[in-house]
Amino acid sequence: MKKYKALYKGLYDDLKDSEMMIDYAFCIREEGDKTLADEIAKYAQYRLQHFSDFHKLFEQEVSKEKEISMETVHKCMWEEAHEALQEWHDKIERKVKSY
């Protein structure tokens, strides 16, 4: 279970940091420092991409489970976590693109 915890934590941290940084980029740009804001926005985009890379790893690990059904804890956790993180990812991605 440590592998799932590590991957989930990585996914969560990528989204949390990406959202925080894109919000900072918007504020800093409004304050007039577009150069710094652009660099911070790039970092937000990098963390969003890293989320996608870790997401693939998570999917690979889940697919290795011998029994995946609606009744298993793994499947239930995966569906809930996946849906919540994917919605969060899409929200941040829209922010990054609107920058």
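Computation of the quantities below employed the complete heavy-atom set of this structure, encompassing side-chain atoms and omitting hydrogens, waters and symmetry-equivalent molecules. Note that this is a predicted model, so its numbers are computed, not measured.
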- Task: Only counting residues at least two apart or in another chain, list the ones meeting ring-ring contact (aromatic ring centres under 6.0 Å, His included) with Phe54.
- Result: His50
- Message: Between Lys9 and Asp13 (salt bridge meaning N to carboxylate O under 4.0 Å), is one present in this structure?
- Response: yes
- Given Lys42 and Glu39, is the salt bridge (Lys or Arg N to Asp or Glu O under 4.0 Å) satisfied, shown in steps? CA-CA 5 Å; Lys42 285 179 194 174; Glu39 288 302 313; 3.2 Å; yes
- Item | Trace of the salt bridge (Lys or Arg N to Asp or Glu O under 4.0 Å) decision for Glu19 with Arg47 | CA-CA 9 Å; Glu19 184 173 41; Arg47 291 300 295 261; over 6 Å; no
- Val96 and Ala44 have their tightest heavy-atom pair at CG2-CB, 4.4 Å
- Looking at CD1 of Ile92 and CD1 of Ile22, how far apart are the two atoms once the value is rounded to the nearest 0.5 Å? 9.5 Å
- Message: Going by the rule ring-ring contact (aromatic ring centres under 6.0 Å, His included), which residues pair with His89 if we only count those two or more places apart in sequence or in a different chain?
- Response: Phe51
- Message: Ignoring hydrogens, what is the shortest heavy-atom contact between Leu48 and Glu93? Give both atom names and the distance.
- Response: CD2-CA, 3.5 Å
- Message: Applying salt bridge (Lys or Arg N to Asp or Glu O under 4.0 Å) to Asp38 and Lys34, what does each step give before you reach the verdict?
- Response: CA-CA 6 Å; Asp38 289 349; Lys34 185 173 177 348; 2.9 Å; yes
- Side chain proximity check, Lys64 to Glu61, heavy atoms < 4.5 angstrom: yes
- Leu85 and Leu15: which non-hydrogen atoms are nearest, and at how many Å? O-CD1, 3.4 Å
- Task: Starting at CD1 of Ile28, measure out to CG of Leu36 and round the result to the nearest 0.5 Å.
- Result: 4.5 Å
- Item | Distance, nearest 0.5 Å, that separates CG of Asp23 from CE of Met21 | 11.0 Å
- Message: Please list all pairs meeting ring-ring contact (aromatic ring centres under 6.0 Å, His included) that have one or both residues in residues 12-48, counting only residues at least two apart or in different chains.
- Response: Tyr12-Trp88, Phe26-Tyr99
- Note on the structure: Interatomic distance, OG@Ser52 vs CD@Gln49, rounded to 0.5 Å, equals 5.0 Å
- Message: With heavy-atom distances below 4.5 Å as the criterion, would you say the side chains of Ile40 and Arg29 are in contact?
- Response: no
